[in-house]
Amino acid sequence: MRVVTTAQTQELDVQPTPLALLLLGREADPKSERGVECPGDLPSPSDPDLVERARAAKEKLGDKVFVLGHHYQRDEVIQFADVTGDSFKLARDAAARPEAEYIVFCGVHFMAESADILTSDDQKVVLPDLAAGCSMADMATAEQVAECWDVLTEAGIAEQVVPVSYMNSSADIKAFTGKHGGTICTSSNAKRALDWAFEQGDPSATKVLFLPDQHLGRNTAVRDMGMSLDDCVVYNPHKPNGGLTAEELRAAKMILWRGHCSVHGRFSLDSVNDVRERIPGVNVLVHPECKHEVVAAADYVGSTEYIIKALEAAPAGSKWAIGTELNLVRRLANRFAPEGKEIVFLDKTVCFCSTMNRIDLPHLVWTLESLAEGNLVNRIEVDKETEAFAKLALERMLALP
């Protein structure tokens with residue numbers, strides 16, 4: 001086990017936060033909906049009847065419940081999902097099922113928020129474990145982004161800046177984006193969103209504030225739109241003025257928030273080189289949340305849905321190294337093994353999404369049984385003002401050509 005010293009921590013600019021402690025289960029905050037306590041009796045993971053209990057509760061609820069399963073969920077949870085997909089697809093699927101009173105979102109917090117924004121007031125969105133957050137989404141808070149906008153205003157460029165926020169962001173950040181004339185994007189339509197943003201003013205003067213994943217913003221701008229790395233600067237919310245001068249902000253076209261995915265950010269160029277050496281003829285396919293050097297070295301780059309479709313279309317006998325969350329990679333490897341497709345995880349180190357994995361079978365059973373007994377638990381509800389502006393930003397995305 002590697003020990004990180006205080007000096008190393010300072011060098012890495014790691015800022016421990018109360019939320020991080022909550023996600024680690026080390027503290028509880030009764031005022032936070034992301035507390036780690038689970039009211040009621042949580043079933044034991046060793047209970048041999050968990051699968052049958054989940055099935056029975058789901059059958060009792062019938063059409064009143066609609067279970068969404070994100071691609072990164074455990075197999076034990078996915079087996080009870082009515083639909084699977086990425087975060088935005090699932091939120092839209094929920095909105096298309098108005099007869100479902102309960103939307104059980106097996107994913108993370110920002111996904112459940114998006115589902116609440118897009119569904120009707122009569123539908124109730126439930127997250128089986130309120131501590132299932134997203135480290136990337138939590139890297140940009142409403143207060144930090146408001147302070148960033150003040151910095152841009154002082155630099156005299158705020159009127160030229162269009163915010164574009166990744167779907168993997170909190171409702172507060174989506175609302176900020178909507179209020180300031182921006183749009184939301186997914187990893188599938190990030191280029192279309194950026195094209196739209198630069199068309200909102202003089203293309204030579206317009207800038208984009210991209211939140212909260214720096215890698216998706218950089219990869220889209222450089223790889224897909226032909227910008228240079230010099231067109232991009234990184235705003236660090238933990239440094240005065242984001243660690244940037246007014247001149248650097250004025251010269252940039254892309255102002256990237258210093259955020260990243262803890263899973264995709266661990267893949268390295270060494271990972272790519274190593275797998276090519278170990279598996280001759282392998283195709284390297286990675287998610288655009290990976291670092292720029294990893295994306296540049298890969299054979300194919302795309303969203304979770306793109307990865308699945310690429311493997312579906314791949315010829316029998318082909319070899320693939322996939323740079324995305326391990327639950328999905330393992331599921332795809334098992335699915336396509338009968339077709340003779342060899343699919344491996346890009347990195348040698350096992351890496352699940354730790355917060356996504358908080359949704360396990362005991363939490364799902366507890367949730368379904370509680371709902372079946374008429375007890376609404378762990379509801380995710382976005383306040384009306386935040387919802388209105390966040391929905392405005394989402395609607396701009398839906399209107400993209």
Heavy-atom neighbours of D383 CG exceed 12 at 6.0 Å: yes

Step through the shown structure and confirm whether more than 12 heavy atoms of other residues, nucleotides or ligands are within 6.0 Å of CD on E159. no

Taking the side chain as every heavy atom from C-beta outward, state whether [X] and [Y] have any atom pair closer than 4.5 Å.
| X | Y | result |
| --- | --- | --- |
| T177 | R396 | no |
| V164 | W196 | no |
| V125 | E113 | no |
| M167 | M111 | no |
| Y300 | I307 | no |
| P128 | N378 | no |
| Q123 | F66 | no |
| H238 | Q144 | yes |

Heavy-atom donor-acceptor pair, [X] side chain to [Y] backbone, under 3.5 Å:
| X | Y | answer |
| --- | --- | --- |
| N189 | R192 | no |
| N219 | C290 | yes |
| N236 | G242 | no |
| E52 | D49 | no |
| N334 | R330 | yes |
| K174 | S169 | yes |
| K341 | A314 | yes |
| W257 | S165 | no |
| D360 | H363 | yes |

Does the side chain of T84 come under 3.5 Å of the side chain of H71 through a donor N or O and an acceptor N or O? no

Test of ring centre spacing under 6.0 Å for Y235 and F210: no

Please confirm whether F176 and W149 have ring centers closer than 6.0 angstrom. yes

Nearest 0.5 angstrom please: [X] [atom1] to [Y] [atom2], how far?
| X | Y | atom1 | atom2 | value |
| --- | --- | --- | --- | --- |
| I184 | E395 | CD1 | CD | 11.5 Å |
| T183 | L400 | OG1 | CG | 5.0 Å |
| L328 | L311 | CG | CG | 8.5 Å |
| L332 | I308 | CG | CD1 | 5.5 Å |
| L211 | N168 | CG | CG | 12.0 Å |
| I359 | Y72 | CD1 | OH | 16.0 Å |

Exercise: identify the closest heavy-atom pair between D121 and R379: O-NH2, 4.1 Å

Assign the ring pair H264 / H287 to parallel, tilted or perpendicular, where the plane angle (0 to 90°) is split at 30° and 60°. parallel

Using the salt bridge (charged side-chain N to carboxylate O under 4.0 Å, His left out) rule, collect all pairs that involve residues 66-82, keeping only residues at least two apart or in two chains. K58-D82, D75-R331

N-O pairing of K348 and D270 below 4.0 Å: no

Between E312 and R335, does any side-chain N to carboxylate O distance fall below 4.0 Å? yes

Show which side-chain atoms of residues 94-106 pair as donor or acceptor with protein atoms under 3.5 Å away, not counting sequence neighbours.
| from | atom 1 | to | atom 2 | distance (Å) |
| --- | --- | --- | --- | --- |
| R97 | NE | E99 | OE2 | 2.7 |

Run the numbers on L376 and L371 for side-chain contact (heavy atoms from CB on, under 4.5 Å), then give the verdict. CA-CA 6 Å; L376 177 59; L371 295 176; 4.0 Å; yes

Decide yes or no on side-chain contact (heavy atoms from CB on, under 4.5 Å) for N273 and E277, but give the supporting numbers first. CA-CA 6 Å; N273 294 334; E277 186 175 329; over 6 Å; no

Assess whether side-chain hydrogen bond (donor to acceptor under 3.5 Å, both in side chains) is satisfied between S370 and T367, documenting all intermediate values. CA-CA 5 Å; S370 296; T367 299; over 6 Å; no

If the condition is salt bridge (charged side-chain N to carboxylate O under 4.0 Å, His left out), which residues does R92 pass it with, not counting sequence neighbours? none

Yes or no on side-chain hydrogen bond (donor to acceptor under 3.5 Å, both in side chains) for S204 and D202, after CA distance, side-chain angles and deciding distance? CA-CA 5 Å; S204 64; D202 179 353; 2.8 Å; yes

Check the pair I157 / R250 against side-chain contact (heavy atoms from CB on, under 4.5 Å), numbers first and verdict last. CA-CA 7 Å; I157 60 171; R250 295 184 191 116; 3.8 Å; yes

